[in-house]
K.L.:
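Just passing along the structure, written as C-alpha cells.
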Amino acid sequence: MYREFKHLHLPSIDAEIRQFWEDEKIFEKSISQRPVDRSFVFYEGPPSANGKPGIHHVMARTVKDLFCRYRTLQGYRVERKGGWDTHGLPIELQVEKELGITKEDIGKKISVDAYNQACRTTVMRYKDLWDDVTRRMGYWVDLDNPYITFENDYIESVWWLLQQLYNKKTPSGESYLYKGFTIQPFSPAAGTGLSSHELNMPGTYKEVTDFSAVAMFKVVRNSASEHLFDAKDEDVRILAWTTTPWTLPSNVALTVGPNIEYHKVQTVSPYTGQPVSVVLAKSRMAAYFNPEDEGQPLDGFKVGDKKLPYRTGSALVGIRYEQLLPTPAASTPELEANAFRVIPGDWVTTEDGTGVVHTAPYFGADDFRASKAAGVPFIGLSNPKAPDLPFPLVDRQGKFVDEVPEFGGRFVKSEYYPAEVQKDKDFKPTDLLIALRLKEDNKAFKIEKYKHTYPHCWRTDKPVLYYPLDSWFVRASAAKERMAELNKTINWKPASTGTGRFGQWLENLQDWNLSRSRYWGVPLPIWRTEDAEEELCIGSVEQLRAEVEKAVAAGLMQENPYKTRVSSDDDHADALSQFVFTGDKTIWHILKTHGRDNRKSPTEAEEVLWQALRNRKLDGFKFRRQHQIGSFIADFACISAKLVVEVDGEYHNRDEQKEFDEARTAYLNSAGFRVIRFANQQVMNALNDVLTDLRRVLASPPGPLSKGEGESRADSLFVSPSPLERGPGGEADLHRPYIDDIILVSPSGKPMRRELDLIDVWFDSGSMPYAQWHYPFENQEIFKNNFPADFIAEGVDQTRGWFYTLHAIATMVFDSVAFKNVVSNGLVLDKEGNKMSKSKGNVVDPFVTIEEYGADATRWYMMANANPWDNLKFNEEGITEVRNKLFGTLYNTYNFFALYANLDGFKMDEQNVLPYHQRTELDRWVISKLYSLVADYHAAMDDYDVTRACRAIEDFVDEHLSNWFVRLSRRRFWKGEMGEDKLAAYQTLFECLLVTGQLMASVAPHFADWLYRNLTAPIKDAAKAHNTPLRHDSVHLTDLTLPDSAKVDAALEKRMDYAQRICSLALSIRKKEKLRVRLPLQKILLPVLDEAFIAEVDGVKDLILSEINVKQIEYITDASGLLKKGAKANFKTLGGKLGKDMKDAATLIANFSNEEISALEKSGVLEVVLNGNTYTLTPDDMIVSTEDLPGWKTATAGELTVALDVTLTPELLAEGTARDLVNRIQNIRKDKNFNVTDRVIVTLERHPALLDAVEKFHDYIKSEVLATDLVLADTLDGGEKVELEDEVLVGIHVEVN
RNA sequence: AGGGCUAUAGCUCAGUUGGUUAGAGCGCUACACUGAUAAUGUAGAGGUCGACAGUUCAAAUCUGUCUAGCCCUACCA
C-alpha cells in the first residue's frame, strides 16, 4: 500500500525524515557509497560559535548544502568537514564584558593565562544552538570531526605556512614575510595601535573643533618652476590646507591631483599685507576670493586673478619649495635633495581645502603611500639602524620631540594634557601656537576654527593619531599579478564579484598587515635577538622543541615544556570546569575587589532590600551582599537556601544584557543556586510583594535542581565540548602566554625573544585547506585529493575576507587557486529591505521559522525567490506561497496517485514498464516535458544557478504535471478496470513524481526523501531483490536521472502547446458567452496557419475536444473565403536590410490585403520600392495572423485564432443537462461520504427539464455515477432539492444499493 | 572617498544577440469549477521599465551623467 495523508504538514515530514537519516546513517552512507577516486571537494568556511545562528546562516548553508547534495546525487564523493573559527577580537570583547574588565586589565588584574582560558570556553558558547540549527535545516556537514582553529595541530599548520612565506623570496630577494611599518590609528593616551574594528565602534567618531591652517609654501625659482613666474622678484607660493597644523614640521611634500586645474592668483598676504602670488585649484578659488574684487589694485588689499599658461596639476609636479617649519636636527642631505617638492596623487579632491594636500608621510596613510611612490624621503631624527626610517618628530606619548624648535616637548593635541593644564587661562593648543607662528612669519594664508568629525580611542576617549607602527607583513603585492591571473580561472557567482569587487581589489593590492597586538590568537612564530640582527621563524612544533633544547643547553631556559607531544585525551574538561567553579585566583581577586566596591556604593533599591534582609530579618535566613559565586558576583545570596537574589536596573532590558543574564543564571543554576530577579522599581514601590515572593521561594526546599534549560546551557557555556590539546596551565599550549616564555638561542649565542604580535585571524581561516588536515605533518594523501576545492560558498562580505585569504595563501605558497567555483550570497534583509538587527527587533529566528514552515519550504523560498547573490527581502508570506504552490501541489499529486493506486492495487514494477510508444500522447508529452526539465535542471545546476533550477521545477510541477497532465488524466485513474491505458497513466505519473523528487532533493532534502520513500516503500523488497535503481533506502543514495534527449519530443511539445492554447481560447469564449463547460457544443473552427498545422492539431484533437467539451474541429483555409488575414513587419529580419526605411515598410506591410499576403507566400519574393530604394521581401519578412472570422464568436492570442460554434440543439442541451445531473449526483455522493466504489440507486423527481436528458442519456448517467438503478418518481421520499440550472430546482435521492 | 550590487505592476521577480501589445506568481475584483479541495480555472484592473542625455530606423535592453538603497574597503589634507 502507498501511504495516504490527510494534510500536508512539512515540519512533521522534517522530523520523520531527520529521524530516519540519523537512525540509518544516511549522510554517512551518501559519502561512503561513492567511489573514493571521484571526489568533489568542498570547503566549509568556519563560523564562530560565539554568536547565535541567524536566518542568514540558513541561507548561506542552504547554498553550501544543496550543491554538495547535487554532486553526491551525480555520483561524486563529497566530504564535508565542518570547522569552527575560534580566535579574534569579538571573542576577546565578549570575555572582557562578562568578566567586567578591559584590555588594560589583562596581565594586571587578570593573568593572560586566565584570560585565554576564558576565551577558550566562551568560543563554543552557542555550539549547541549551531548543531541544532544544522540538524533542523538539514545541512549535511561532518561536525563530529571538525577542525578547530585554536587547536595545536591547526596552529602548527599555520606556522608551517608562515614559515613557507618567510623562506620564500621574491625575484629581488625579499622575503614574503617581513617586518615593516605602516601608518595605523594609534592612541598615544593608551599607548597602543587600534584596529579598524575598534575604530568603527560606536561613539569613536566625535565632532570636534580644531584650528585649521592654509599655509603658504614658497616656491623655489628654477627652470622647473620658471613658468609660474611673471615678475622678476615675484613671491610665488603654493597654498595647502591642513586641519592638523602639528603635522606641518613633518611636511616633506605637497600632493596635487594630476587632472586638477590650478591657477595662480596675484594677491596680498592677508596677515602681513605683503604682495604674493598664490597657487591653488581653480575650482577652490571661490572659497578664498570674491570675484567682485577681481582686478582691484593690489595695494588696496584686493585680489586679482591671472590665468596661467598651464592647465593641470601635472605641470606643477616636480616644483620645489622651501621647507615651512624646519627642524635642523632632522635635516639630512637626502632630505634637502629629494623632499619639499610637488608630487602627484590620484586621491586629491577639490571638495575642500585648496586642491593641494600638505603631505606628512608618518601621519597619514595616503601621505605615506604617495611619498613612497614618489620617492620622497621621510623626515625625522636619525635612526642608525634604518637610515631610511628616521624616528618621527612626534613620540609615542603624542609629544613633539625636544629637537623640534619652539614646540619641542609639547603634546600635539590639547586633549593629551591633564585637565588642569587645559583649563588654565593662558593655555593655548599646540595647533594654535603653530598657526600663530605661521601668521607672524608670513607663511599663513588663512587660520580658522574648523568643525569636523575625528576618531577617538574607545578606551581613553582621547583623539587618535595616525602614526607609523611596526608590523609584520605578507608581501602580497609581490604576488599581485599571479593572483589576478589565477583569479581569472575561478568561476564566480555572480561573475561581477570576481571581476569587480575581487578583481579590482587584487589590482590595487597592498601588503597584508598580519600583526595584531592581542592575546587570543595564533602567535607569530618568529624569534629575534634584541638587536634584530638574528631572527628565526619556526615552522613546526618539532622544530620548536629542538630549538628549545638548544636554549636549555645554552642555559637560557630551565626546561623544555615541549619535550613530549601531549595526547589530546587529557583530562582537560575536568581541569577546565575546576577553573570555572573554583575560580581562578586572579579572577577571584578581581571579583573580590569589585564586590567590595559595589558594597560601598549600593543602588537605592539594593539599599532598601538590604535593610529588609540584613541580620536575618527575613524569617531568620542569613543573606550576604555582593557575594562571590564562582566567577560572578551575586547582589544577595542566601547560602543555606541556595538562593541568589538579583536587583536589576533598566539596562537589563537590553537584548545583549538579557543574554548575559541568562548565561549567568544558567551558570548559577549549574552551581546549585536558584536565581530570583527583581527590578529596581519593584523593590522601591512594592517591597512587601518582593518579600512575599522571597518567603515563598525560601520555604520551598532547594533540593537538587532538575535538569532544566539552565543546566544544559551551562554545559555548553563553560565546558568546552571540543577536545582541547591541553588544559589550563598546559605547558604544551602554543598560545600566549606560554609561548612568550620561550627564549631561544641565536646562532651567535644571543637570546631570542618572540615577536609579541599575534596574526590576523583571517590568516587562520585562509589556512584551512591545509590546517584542517594538519598538513604537511599528517594526511598528505588526503590533502592532495582535497586541494583545491571544487566549490565554496559564503556571504559576499567575505570577498575580501575568507575568499581573499584562501586565494592569497594558495597563490603564494602553492601557486594554485584554492577554489574553482565560488558562490557569494547576499544579505538577508527584513521584508521592508532593512538590515536585520537586534536593536530594530526585526531579526528572524531560524528555529521559529523552520518550526512553523518546515526546513524545505524555508530553503526553497530562499533559493527560488531571488538569486542567492542578490539581497533577499525575507518575507514569511513568500514561504507560505512556496508551501502551498509547490509542496502543496506535489503533495496533492502524490496523494491522488496513492489513493487510486491503492484502490487499483497498482504497484510500480521497474522490471516491466510499458514502452513509451505504447502510451498515450499525453503520457509521452509529460515525459518529454519531464526530460526537458531534467536537461534544464542539469544545465542550471552545473552553472551554479540554483534559482533557475528551482523555478524550472516549480513551473513543471504546477503548469505541466498538475494542471495539465493530472487534470486531463484524472478520468483515466478512476474509470474502468486496469488496462493498458490505466497502467500507462500510473507508470507515467509515478515516473514524474519520482524524477521530480530527485531533482528537488538538493534543495528540499526532507520532502524529496519523504516522497521517494512513499513511492518506493511498497516495492522496496522487490527492488532490493532485483538490485534495481529503486533499491536505495533514501533518495540521497540514488543516482540522479540524467538528461536523455531520446525522451524529449519537441514536436510533441509543440503540438501540446497548441492544444493548451486552443483550449484556453475556447474556454475564454465560453466564458464570454456564458456557456458552461458541461454544455457540449458542436464544433470549433481553426484557421490554418501553415501546412503542418492540421496534422499537428489532429494529433491532440481528442484532448482538445474533451477538455473544452466540443464535438468536432473544423479547419478553415484561405479557400473558404472566411479568413481575413493581417500581416505585420518582421522587424528582426527587416531591420538590418531596410534601416531608415523600416518605418515606411511597416506601414506598407500592415496594409497588405489577403491577396497580397497570399501572393508573397506563394511566390516567395516581392519587390517593393520605398523612398526610391528597391527591396526584396520574402515570406519571413512578415508575420501573418488571422484577424477575424466575421460572424463567429472568436478569440485570438498570438498567431492562433479560435472560433466557437455556439448553436445549441435539443440534443446538445439534453447532454448538457445529463452532465449537470451527473455532477449533482456526484456531489451528493461526496456529501454523504459514500465510498468511491459504492453502487447506488438514484431516484429523480419527474421534472420537465430533466425528461429529455434522462431519456437520451439514461445509461451514460448510470455508469458515471455507478448507479444500478436510475428512476423517475412523481414524488420523492427524502432526498434533496438541487439547483440544476438557473432557477430549475429538482429533487434527487441517492442511496447505497 | 573608492569599488561593487540593486532599481520593471501594490508585493516578489522574469525579460535571451536591441525588434514594435513589457510578462509570471502573489494580492485585489468578478465569474466559474468541484471524485486533487489548506486545491483549481477564466477574465479584469494595475507599468512615462529610478531620472536625464546620447547611439540607433528601433532602447527596459547599449553608452554616459545623476539619484536612491545596500555591501565591502578606506577614512582623509
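Computation of the quantities below employed the complete heavy-atom set of this structure, encompassing side-chain atoms and omitting hydrogens, waters and symmetry-equivalent molecules.
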K.L.:
Could you pull out all residues at least two apart from A/Tyr861 that satisfy ring pair (Phe, Tyr, Trp, His ring centres under 6.0 Å)?
P.N.:
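By the ring pair (Phe, Tyr, Trp, His ring centres under 6.0 Å) rule, A/Tyr861 matches A/Phe874.
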K.L.:
Any donor and acceptor pair, going by atom type alone, linking the side chain of A/Arg948 with main-chain N or O of A/Asp943 inside 3.5 Å?
P.N.:
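Answer holds: no.
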K.L.:
Need one value for A/Lys1143: base, sugar-phosphate or nothing, where a base atom within 4.0 Å counts as base even if backbone is also close, heavy atoms only.
P.N.:
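The residue A/Lys1143 makes sugar-phosphate contact but no base contact.
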K.L.:
Donor-acceptor check, side chain of A/Ser212 to backbone of A/Glu448, threshold 3.5 angstrom: yes or no?
P.N.:
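Answer holds: yes.
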K.L.:
Could you check how far CE of A/Met1142 sits from C1' of B/A59, rounded to whole Å?
P.N.:
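Taking atom C1' of B/A59 as the reference, CE of A/Met1142 is at 16 Å.
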K.L.:
Please measure how far the P atom in B/G19 lies from the corresponding atom in B/A38, and state the result in whole Å.
P.N.:
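Each nucleotide's P atom is 44 Å from the other's.
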K.L.:
Quick one: A/Tyr1175 OH to B/C57 C1', roughly how many Å, whole number?
P.N.:
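About 10 Å, once rounded to whole Å.
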K.L.:
C1' atom, B/A9 versus B/G4: distance in rounded Å?
P.N.:
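Taking atom C1' in both B/A9 and B/G4, they lie 29 Å apart.
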K.L.:
Quick one: side chains of residues 884-898 of chain A, donor-acceptor pairs under 3.5 Å with protein atoms, not counting sequence neighbours, listed by atom name and distance.
P.N.:
from	atom 1	to	atom 2	distance (Å)
A/Lys885	NZ	A/Asp958	OD2	3.0
A/Thr889	OG1	A/Lys885	O	2.4
A/Tyr891	OH	A/Phe5	O	3.3
A/Tyr891	OH	A/Lys6	O	3.2
A/Tyr891	OH	A/His7	N	3.1
A/Tyr891	OH	A/His7	O	3.4
A/Tyr891	OH	A/Asn895	ND2	3.4
A/Asn892	ND2	A/Gly888	O	3.3
A/Thr893	OG1	A/Thr889	O	2.7
A/Tyr894	OH	A/Arg3	N	3.3
A/Tyr894	OH	A/Arg3	O	2.8
A/Asn895	OD1	A/Phe5	N	3.2
A/Asn895	ND2	A/Phe5	O	2.7

K.L.:
Dot-bracket for RNA chain B, please. Rules: Watson-Crick or G-U, both distances under 3.5 Å, ( ) within the strand, [ ] when a pair crosses earlier ones, | for another strand, . otherwise.
P.N.:
(((((((..((((.....[...)))).(((((.......))))).....(((((..]....))))))))))))....
K.L.:
Pick the P atom in B/G44 and in B/A22, then give their distance to the nearest Å.
P.N.:
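Between the two P atoms, the distance is 15 Å.
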K.L.:
Which residue lies toward the 5' end of RNA chain B, A/Lys1140 or A/Leu1266, if each is placed at its nearest nucleotide?
P.N.:
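Nearer the 5' end of the strand: A/Leu1266.
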K.L.:
Are the aromatic rings of A/Trp512 and A/Tyr804 close, with centres under 6.0 Å apart?
P.N.:
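Between A/Tyr804 and A/Trp512, which both carry aromatic rings, the centre distance is below 6.0 Å.
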K.L.:
For atom P, what is the distance between B/C57 and B/U17, given to the nearest Å?
P.N.:
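It works out to 22 Å between them.
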K.L.:
By ring pair (Phe, Tyr, Trp, His ring centres under 6.0 Å), which residues pair with A/Phe363, not counting sequence neighbours?
P.N.:
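Checked A/Phe363 against ring pair (Phe, Tyr, Trp, His ring centres under 6.0 Å); matches are A/Trp246.
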K.L.:
Give the ring-plane orientation class for A/Phe186 versus A/Tyr467, where under 30° counts as parallel, over 60° as perpendicular and anything between as tilted.
P.N.:
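If you compare the ring of A/Phe186 with that of A/Tyr467, the planes turn out parallel.
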K.L.:
Whole-Å distance between B/A1 P and A/Arg369 CZ?
P.N.:
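A/Arg369 atom CZ is separated from B/A1 atom P by 17 Å.
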K.L.:
Both A/Leu1138 and A/Thr1133 contact RNA chain B. Which one's nearest nucleotide lies toward the 5' end?
P.N.:
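The answer here is A/Thr1133.
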K.L.:
Which nucleotide in the list B/C71, B/A36, B/G25 gets nearest to the side chain of A/Phe896?
P.N.:
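Nearest listed nucleotide: B/A36.
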K.L.:
Is the phosphate of B/G41, meaning OP1 or OP2, less than 4.0 Å from a side-chain N or O of A/Asn963?
P.N.:
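For A/Asn963, the contact criterion (side-chain N or O under 4.0 Å from OP1 or OP2 of B/G41) is met.
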K.L.:
Sticking with atom P, work out how far B/U40 lies from B/G27, rounded to a whole angstrom.
P.N.:
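Looking at atom P only, B/U40 and B/G27 are 9 Å apart.
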K.L.:
Counting heavy atoms from C-beta on, name the nucleotide in B/U17, B/A39, B/A36 closest to the side chain of A/Lys1132.
P.N.:
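In terms of side-chain proximity for A/Lys1132, the closest of B/U17, B/A39, B/A36 is B/U17.
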K.L.:
Quick one: salt bridge (charged side-chain N to carboxylate O under 4.0 Å, His left out) partners of A/Asp936, sequence neighbours excluded?
P.N.:
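Once residues adjacent in sequence are excluded, A/Asp936 has no partner under the salt bridge (charged side-chain N to carboxylate O under 4.0 Å, His left out) criterion.
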K.L.:
So what does A/Thr799 hit on the nucleic acid, given a heavy-atom distance under 4.0 Å: a base, only sugar-phosphate, or nothing?
P.N.:
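The answer is nothing, as A/Thr799 stays clear of every strand by at least 4.0 Å.
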K.L.:
Going 5' to 3' along nucleotides 4-14 of chain B, which nucleotides have protein heavy atoms under 4.0 Å from the base (write B), which only from the sugar-phosphate (write S), and which from neither (write -)?
P.N.:
BSS-----SSS
K.L.:
Could you check how far CZ of A/Arg967 sits from P of B/A36, rounded to whole Å?
P.N.:
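So the CZ-P distance, A/Arg967 to B/A36, works out to 11 Å.
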K.L.:
Could you give me the CA-CA distance, side-chain angles and deciding distance for A/Asp945 and A/Lys493, then say whether salt bridge (Lys or Arg N to Asp or Glu O under 4.0 Å) is met?
P.N.:
CA-CA 8 Å; A/Asp945 191 345; A/Lys493 278 286 166 179; 5.1 Å; no
K.L.:
If you go through the side-chain atoms of A/Ser962, does one of them form a donor-acceptor pair with the base of B/A39 closer than 3.5 Å?
P.N.:
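Not at all, since no donor on one side and acceptor on the other fall under 3.5 Å apart.
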K.L.:
Taking the C1' atom of each, how far is B/U6 from B/C49, in whole Å?
P.N.:
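That atom pair is separated by 14 Å.
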K.L.:
Please work out if A/Gly1139 contacts a base, only the sugar-phosphate, or nothing of the nucleic acid, heavy-atom cut-off 4.0 Å.
P.N.:
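Here A/Gly1139 touches the bases of the nucleic acid.
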K.L.:
Rounded to the nearest Å, what distance is computed from the CG atom of residue A/Leu886 to the P atom of nucleotide B/C26?
P.N.:
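From A/Leu886 CG to B/C26 P: 13 Å.
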K.L.:
Give one of base, sugar-phosphate or nothing for A/Gly1135, where a contact means two heavy atoms less than 4.0 Å apart.
P.N.:
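Since a base atom lies under 4.0 Å of A/Gly1135, the category is base.
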K.L.:
How far does the P atom of B/A45 sit from the matching atom of B/C33, given to the nearest Å?
P.N.:
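So the two P atoms sit 23 Å from each other.
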K.L.:
For nucleotides B/G18 and B/G64, find the distance between their P atoms and express it as a whole number of Å.
P.N.:
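Pairwise P distance, B/G18 against B/G64, rounds to 16 Å.
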K.L.:
I need the CG-C1' distance between A/Asn892 and B/A38, as an integer number of Å.
P.N.:
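From A/Asn892 CG to B/A38 C1': 9 Å.
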K.L.:
Can you find a side chain N or O atom of A/Lys1128 that sits less than 4.0 Å from OP1 or OP2 on B/G19?
P.N.:
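A/Lys1128 to B/G19 OP1/OP2: no side-chain N or O under 4.0 Å.
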K.L.:
Looking just at side-chain N and O atoms, do A/Asp511 and A/Ser477 make a donor-acceptor pair shorter than 3.5 Å?
P.N.:
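Yes.
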K.L.:
Could you tell me the separation between the CG atom of A/Leu1134 and the P atom of B/G19, rounded to a whole number of Å?
P.N.:
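That distance rounds to 15 Å.
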K.L.:
Compute the centroid of each ring, for A/Trp860 and then for A/Tyr853, and state whether the two points are separated by less than 6.0 Å.
P.N.:
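Centroid separation for A/Trp860 and A/Tyr853: 6.0 Å or greater.
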K.L.:
Can you check the A/His56 NE2 to B/C71 P distance for me, whole Å?
P.N.:
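Rounded to the whole Å, the gap is 13 Å.
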